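In what follows, a structure is listed as structure tokens, so that the remarks can point back to it.
Every chain is numbered from 1, with letters handed out A, B, ... down the list of sequences. Model, not experiment: these values are computed from the prediction.
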Amino acid sequence: MASASTSKYNSHSLENESIKRTSRDGVNRDLTEAVPRLPGETLITDKEVIYICPFNGPIKGRVYITNYRLYLRSLETPLFAFLNEEKFNVDGWTVYNPVEEYRRQGLPNHHWRITFINKCYELCDTYPALLVVPYRASDDDLRRVATFRSRNRIPVLSWIHPENKTVIVRCSQPLVGMSGKRNKDDEKYLDVIRETNKQISKLTIYDARPSVNAVANKATGGGYESDDAYHNAELFFLDIHNIHVMRESLKKVKDIVYPNVEESHWLSSLESTHWLEHIKLVLTGAIQVADKVSSGKSSVLVHCSDGWDRTAQLTSLAMLMLDSFYRSIEGFEILVQKEWISFGHKFASRIGHGDKNHTDADRSPIFLQFIDCVWQMSKQFPTAFEFNEQFLIIILDHLYSCRFGTFLFNCESARERQKVTERTVSLWSLINSNKEKFKNPFYTKEINRVLYPVASMRHLELWVNYYIRWNPRIKQQQPNPVEQRYMELLALRDEYIKRLEELQLANSAKLSDPPTSPSSPSQMMPHVQTHF
Amino acid sequence: MLGKGVVGGGGGTKAPKPSFVSYVRPEEIHTNEKEVTEKEVTLHLLPGEQLLCEASTVLKYVQEDSCQHGVYGRLVCTDFKIAFLGDDESALDNDETQFKNKVIGENDITLHCVDQIYGVFDEKKKTLFGQLKKYPEKLIIHCKDLRVFQFCLRYTKEEEVKRIVSGIIHHTQAPKLLKRLFLFSYATAAQNNTVTDPKNHTVMFDTLKDWCWELERTKGNMKYKAVSVNEGYKVCERLPAYFVVPTPLPEENVQRFQGHGIPIWCWSCHNGSALLKMSALPKEQDDGILQIQKSFLDGIYKTIHRPPYEIVKTEDLSSNFLSLQEIQTAYSKFKQLFLIDNSTEFWDTDIKWFSLLESSSWLDIIRRCLKKAIEITECMEAQNMNVLLLEENASDLCCLISSLVQLMMDPHCRTRIGFQSLIQKEWVMGGHCFLDRCNHLRQNDKEEVPVFLLFLDCVWQLVHQHPPAFEFTETYLTVLSDSLYIPIFSTFFFNSPHQKDTNMSSPKRGFFREETDHLIKNLLGKRISKLINSSDELQDNFREFYDSWHSKSTDYHGLLLPHIEGPEIKVWAQRYLRWIPEAQILGGGQVATLSKLLEMMEEVQSLQEKIDERHHSQQAPQAEAPCLLRNSARLSSLFPFALLQRHSSKPVLPTSGWKALGDEDDLAKREDEFVDLGDV
């Protein structure tokens, strides 16, 4: 159990490690200190250079030439997360434990097993170490399927319905290519998934992309599951656009709200950004996935191209709609940790932490878009979520801040290599040690309630409190007045309950025979607690 | 009771048709005599209401789970409403039905609420009016409260179809005489009990005392006086019997131009500055008369331009502000966005929603009204000026702007009683022509302008932005907007207090209707307004005032300004989306938090009672406080209006596709990452 405080960064102990690995791992170094030298080794010269690393691209650094070796030291400063010495009384890194989460879902069971085939990330380097796969598929099967899925991201379980046992499975696109290749193992594997649920004859595949893009992807070796190869599957395209479209759309949002908010043509400018339209499509896709699993009683396979952007949006939103657990503060943290962080949403590439190339084509606000969708849902169902708007905003703030290690790096294997959990603090430590601030007072816990938001433009709105929060003219009242009034009432109620109890005590002390009095407080208390 | 002749004729309502499922309830089969009485019970008639015509085996379309199905029943038309009496009256006695409208049932449409009637002939939708040659197989009724009803007449007898369709068209579309308003039959039939006490009732402003009370409340009585010069409408029929003018103003002046050109007091601010209104003098060609007018106005201005009166700023609302025409056009476009016949139409318009909204200009008009009200508020509050609103008859935009200003500046107007008194003062006594503006008599479509609705929408924006500042909720406003079309309340059915007084007391007398006024511009007023303020300076003052107010924390009992930036002006969803099943959020919407709030209030209240009981040490039997909204989390966002799709748990899925991205098309074709996966 790595507590955040135990393994704080220590410059000395890491010095050796940095020598071995020659730079760019975000390790702190004392820049004035010269290169550690072997006995007899002397420095000849040093010069500032840009090293074109074949793996990581250009790195600014200083090259040292000694009589023994050539040594490059990166001049890049490490991300603040590695220097952060904040201490919290809760350790956010312990929030997500995959085994526990799968156990909560009732896994493993007769049809699904937990596999450690990816323990050292040898099956798929962007997947987590622990995967849930059909019981009937052997590890060898999995390896063969991996060859037919883009970046080896094979179909694995994300969520299982507690009653009808239908599942949400996620993966990347099949490597069909121009020639329309088939893979018997992949076909068989999908059939095995389908058979884990006896209620329906077809497996539903949701390809998040527009069909044109899916077809076009064949040219680069990708594609989609064709009818003739996958007889027992039904394929639907969800028409969600790619990361580049989303990036441009957000840029346009910025243009209409900064520095001035469009006034008279606000609505048409908002429409021209297409941002809410994209939100609508993502939500619509997630509703379809959730509905298929919940009332269509069919297992669902979700993928896009690589299965780490749109796929993560769809599975996590569908899970949020289906499983009320994820609507609690910790549940939501687990959801993010599981569907986004562990399954390799490329946070480092999409956000570009510490990277100065702002125009990189890899950047895209996919995670922000997901949080926006969650916000839209919380707006439509103001009593269904344990967390408030501040919770979502703080997540987004620290998505970019690099104060916490939570959103650093592209995948679990990279995070493990960098010992992120040991060397950085988790964002959930901050949030969970200060939970009251992020609670929605209206929250009413309802188990097994499926939430379907209305994905209509009539109900979607621009998240003003996030996108335009710095504009003094748009200043919103915080907390919102209705919420404030509710909090006042809550406080009043607690006070009355206390007073009533006191009165009761006083009464029962005075009169030795209180006729019916004990019944009323006991009736009251459970009623009171249902609100939380 | 029901006229037999109308009901009877060809087997009455029970004409057996083989093509539909039996709708006769078992108990009806056994008790034949009871049949008629039972029907009479089902059709609730108000005192004085009469059945005019009816048709049986009409199929009403019900939207559920994104597919339509029908309910058989009777379609009736009375002199008050059109009603559909479903045979399958599975009256749900759950919590939601407790909150239904007491006067208008789910399937009732008052005749005044009908906006447009369409007939469907061979799949084609046509507007119906006048005499029909051919009768439609389907009747679509668009209501002014934005409900849409669809009735299938295919299984109805031809005779009945003719009777009901022409009956409905005639009674809703044909011009009517004022004395034919249901109001009068109702008033004669129902006993009247009017009690007024200005302390905790709405002030009606129909007595001198009411005006004095208002003057005292606002401390306006130092400089203004209530006058009874128009008692019995001697001076003019446009003005109320009593009103308030500057103290030094000679009462003869009021008579001079029948009340035109007289500054009439609306309200006084705590700093002494006042809001006044004036109807323009009639436009004249003759130089001599113009000269007389000019000297008359000069005299008036002299009176109010010297101390103790503050500097006057004139605000000409009929020349450089909104025109009624603009409001009319905007609303007729806007309402179409909500009168949706089916699911396909809903999703087809969904993608273009924002631009459709914008092209209606309705929200922009709301913004302009709020902005104007803030400007005037700034003059009064920050610059300590009097503001004189000027308009043709001072009965449209004057009412709108002056009530908005008072709502922002006077917290009393934000209580329910205060708000009702404000409507009574500025709108009813202010002579807003409700009869013409709502087109209740169907006599002149051009006069139909939803000025009052625009006002309510502006108020809604304020309520939505600052809910704790108001004693009433948006539901109150929505219900109020509906009552515009319910001819039981006389409030919104007359053009002036004079018209109401002359007609309500003796309904037999012929109705009076003011001549239609043309939009004449008052040159003098315009000239003065130009002299006083240049618009640039105004803009700066406005910005400073607006920004400084919004940078402070809000005092709900003080000055209240709305936000008017683009994203802050919103669609009054409760009013406009309430009947659309696709827009329903099951178990969500604002009502979810509101009902939590109510529950908590009840709990606190009952706790308080218990504590009180303890204090009096009485062990009285504890009556459990009735919980109004049980299962509140399952209420729909349309609550308390449409009661649709109650049992459904299916999500609503958009059916329309994706709109072209335009210039981004090439981006869309790109792949997320440029990595060739190759043919491994």
Quiz item: Looking at OH of A:Tyr496 and NZ of B:Lys610, how far apart are the two atoms once the value is rounded to the nearest 0.5 Å?
Solution: 13.5 Å
Self-check item: Value rounded to 0.5 Å, distance of CD in A:Glu501 from CD1 in B:Ile611
Solution: 10.5 Å
Quiz item: Testing B:Leu337, B:Ile580, B:Thr349, B:Val571 for side-chain contact (heavy atoms from CB on, under 4.5 Å) with A:Arg458, which one passes?
Solution: B:Thr349
Quiz item: Measuring from B:Leu607:CG to A:Glu495:CD, what's the distance to the nearest 0.5 Å?
Solution: 11.0 Å
Exercise. Determine the minimum heavy-atom distance between B:Gly589 and A:Pro382, stating which atoms define it.
Key: O-CG, 3.4 Å
Quiz item: Does any non-hydrogen side-chain atom of A:Ser269 lie less than 4.5 Å from one of B:Phe354?
Solution: no
Quiz item: Are side-chain heavy atoms of B:Leu597 and A:Arg485 found at a separation under 4.5 Å?
Solution: yes
Practice problem: Kindly give the heavy-atom pair with the smallest separation between B:Ile351 and A:Lys280, and that separation in Å. | Solution: CG1-NZ, 4.3 Å
Exercise. Consider only side-chain N and O atoms of A:Thr444 and B:Lys596, and report whether a donor and an acceptor are under 3.5 Å apart.
Key: yes
Quiz item: When rounded to the nearest 0.5 angstrom, what is the spacing between NE2 in A:His459 and CD1 in B:Ile585?
Solution: 4.0 Å
Quiz prompt | Which atom of B:Pro567 lies closest to which atom of A:Val464, heavy atoms considered | solution = CB-CG2, 3.8 Å
Self-check item: Donor + acceptor pair across side chains of B:Ser606, A:Arg493 (<3.5 Å)
Solution: no
Quiz item: How far apart are the closest heavy atoms of A:Val482 and B:Pro467, and which atoms are they?
Solution: CG2-CG, 3.8 Å
Quiz prompt | Nearest-0.5 Å distance, OH of residue A:Tyr486 to CG of residue B:Leu594 | solution = 11.5 Å
Self-check item: Spacing of CG belonging to A:Asn440 relative to OG1 belonging to B:Thr593, to within rounding of 0.5 Å
Solution: 9.0 Å
Quiz item: Could B:Lys570 and A:Glu461 be called an ion pair, given the rule that one side-chain N must be under 4.0 Å from one carboxylate O?
Solution: yes
